[in-house]
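What follows is a single structure, written as structure tokens, with notes after it.
Just so we're clear, the structure is a prediction, and the values are computed from it rather than from any experiment. Atoms within a ligand are numbered from 1 in the order they appear, just like the ligands themselves.
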Amino acid sequence: MNAQLRVPAASLGGSVSLGGELTVNRLGFGAMRITGEGVWGPPKNHAGALAVLRRAVELGVNFIDTADSYGPGVSEELIAEALFPYPKDLVIATKGGWNRPAPGQWTHDASPAHLRKAIEGSLKRLRLERIDLYQLHHPDPITPFDDSVGTLAEMRRQGKIRLVGLSNVTREHIERAQKIVPIVSVQNRYSFADREWDSVVDYCQQHGIAFIPWFPLGAGKAPDKALNQIAEVHHTHPFQVALSWLLQRSPVMLPIPGTSSVEHLEENLAAGALRLTADEFRQLQETKR
Ligand SMILES: NC(=O)c1ccc[n+]([C@@H]2O[C@H](COP(=O)([O-])OP(=O)(O)OC[C@H]3O[C@@H](n4cnc5c(N)ncnc54)[C@H](OP(=O)(O)O)[C@@H]3O)[C@@H](O)[C@H]2O)c1
């Protein structure tokens with residue numbers, strides 16, 4: 001990998017702190033789409049998946065989001081295959097507690113026994129001794145939330161995890177979890193087209209917690225008219241406008257657009273250099289409210 005090719009943080013939307021311990025560029029990469037169709041099994045194009053990961057890092061991405069359930073196991077294994085030994089500044093954030101037993105099926109298990117086993121599995125697949133950021137993928141309707149978070153705190157004390165994050169949570173979950181262990185990131189569904197978790201973004205900003213929007217491109221669905229109009233003015237792709245809007249929405253925003261294509265990756269990362277005018281931002285901000 002040619003380090004000279006890596007771009008400065010400013011070109012990837014500046015940087016964001018994870019709990020004051022780690023700092024990453026604000027445009028990250030979501031590694032769910034590098035698996036097989038339906039987030040199941042190996043990718044059709046194995047070399048292509050490795051190329052996407054390597055190109056992301058080459059272009060300055062130093063935050064990669066994955067989960068044990070992507071594949072399952074496949075996304076984590078591909079990350080290790082493509083990038084191990086890892087660049088010093090690369091933060092790999094994985095998740096557990098929401099499983100993929102068969103194609104199209106998601107089942108909850110954030111019990112202490114399962115989380116302990118899941119963390120050992122992720123450590124092995126990622127070839128790590130400690131996971132920089134481990135996120136509870138989803139609160140479990142059966143296991144008490146405090147028990148799931150308490151297990152992550154315990155694994156942190158044991159040195160298996162460096163930092164703890166949450167996913168698919170409310171503000172109440174974050175406040176409860178903070179009483180058990182410092183929470184450095186929250187990953188909820190959020191995009192230009194989907195602002196359900198606006199109040200959680202604001203809460204994270206107030207408390208210096210990184211907010212990681214999943215489906216930042218609305219899962220790749222046809223972009224909104226308002227995005228298309230502004231993209232035309234900037235001679236760019238509407239998804240770049242969507243990402244730029246996210247970056248301008250909050251300084252704690254850490255988008256992780258997902259793709260299986262080097263071309264799309266490069267397009268998405270170029271959004272870090274796109275600045276919307278105050279009027280454009282306001283127009284987009286008000287479009288969906
Ligand atoms: N915490 C959770 O519960 C949760 C849930 C879902 C996802 N996630 C995380 O969030 C990440 C992002 O979500 P996501 O990948 O599902 O959705 P996304 O980033 O909103 O959209 C990805 C989709 O958009 C397409 N795409 C990407 N860039 C494009 C471009 N420049 N032009 C045209 N199409 C483009 C991709 O297809 P191509 O492959 O063809 O580019 C893919 O189908 C995931 O990778 C995962 O890490 C977390």
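Relative to atom 3 (O) of ligand 1, the option among Asn168, Asp65, Thr259 with the closest non-hydrogen atom is Asn168. Relative to atom 15 (O) of ligand 1, the option among Lys95, Met32, Arg33 with the closest non-hydrogen atom is Arg33. Across the listed options Trp106, Tyr70, Trp214, Trp214 owns the non-hydrogen atom lying nearest to atom 6 (C) of ligand 1. In this comparison of His138, Arg189, His264, the heavy atom closest to atom 33 (C) of ligand 1 sits on His264.
Residue Thr66 has no N or O atom closer than 3.5 Å to an N or O atom of ligand 1. Not one N or O of Ser261 is nearer than 3.5 Å to an N or O of ligand 1, by distance alone. Below 3.5 Å of separation, one finds no N or O of Trp98 facing any N or O of ligand 1. Of the polar atoms of Pro257, none of the N or O atoms is found under 3.5 Å from an N or O of ligand 1, judged by distance alone. Residue-to-ligand polar distances place Ala219 within reach of ligand 1: an N/O pair is separated by less than 3.5 Å. On a distance-only criterion, Gly258 and ligand 1 share at least one N/O pair closer than 3.5 Å.
When heavy-atom distances to ligand 1 are checked against a 4.0 Å cut-off, Leu265 has no atom that comes that close, whether in backbone or side chain. If you look at Ala31 next to ligand 1, the close heavy atoms, those under 4.0 Å, all belong to the backbone. Contacts between Ser167 and ligand 1 below 4.0 angstrom, taking non-hydrogen atoms only, involve the side chain exclusively. Heavy atoms from both the backbone and the side chain of Phe215 come within less than 4.0 Å of ligand 1.
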Distance-only donor-acceptor pairs under 3.5 Å for side chains of residues 29-45, two or more places apart:
from  : atom 1 : to    : atom 2 : distance (Å)
Thr35 : OG1    : Met32 : O      : 3.0
Asn45 : OD1    : Ala47 : N      : 3.4
Asn45 : OD1    : Gly48 : N      : 2.7

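Counting heavy atoms from C-beta outward, Phe145 and Pro139 have side chains that approach closer than 4.5 Å.
In this structure, the side chain of Asp224 does not engage the main chain of Ala193 through any donor-acceptor pair within 3.5 Å.
Of the candidates Glu81, Glu120, Glu76, Glu76 is the only one forming a salt bridge (charged side-chain N to carboxylate O under 4.0 Å, His left out) with Arg125.
Look at Asp68 and Lys95 and you find no salt bridge, because none of the NZ, NE, NH1 or NH2 atoms lies under 4.0 Å from a carboxylate O.
Listed by first and then second residue, the side-chain hydrogen bond (donor to acceptor under 3.5 Å, both in side chains) pairs that reach into residues 251-272 are Arg55-Glu266, sequence neighbours excluded.
When only modelled atom types and interatomic distance are considered, Thr170 and His173 share a side-chain donor-acceptor pair under 3.5 Å. Side-chain contact annotation: Asp279 with Thr277, donor-acceptor N/O pair under 3.5 Å absent. For Trp245 and Glu280, the side-chain atoms include no donor-acceptor pair closer than 3.5 Å.
The environment of Glu129 atom CD is sparse: at most 12 non-hydrogen atoms of other residues, nucleotides or ligands sit within 6.0 angstrom.
The closest protein non-hydrogen atom to atom 11 (C) of ligand 1 is Ile256 O, 3.3 Å. Looking at atom 48 (C) of ligand 1, its nearest protein heavy atom turns out to be Gln187 OE1, 3.0 Å. If you check which protein heavy atom lies closest to atom 20 (O) of ligand 1, you get Leu217 N, 2.7 Å. Looking only at protein heavy atoms, the nearest one to atom 28 (N) of ligand 1 is Asn268 ND2, 2.9 Å.
The distance between the ring centers of Trp197 and Tyr190 does not fall below 6.0 angstrom.
When each atom of ligand 1 is checked for a heavy atom of Gly220 under 4.0 Å away, the hits are 21 (O), 23 (C), 24 (O). Near His137, meaning under 4.0 Å from one of its heavy atoms, ligand 1 places the atoms 1 (N), 2 (C), 3 (O).
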Exercise for the section: For salt bridge (charged side-chain N to carboxylate O under 4.0 Å, His left out), just list the numbers for Arg189 and Asp194, CA-CA rounded to whole Å, side-chain angles, deciding distance to a tenth of an Å, and then say yes or no. Expected result: CA-CA 8 Å; Arg189 200 189 60 237; Asp194 181 350; 2.4 Å; yes
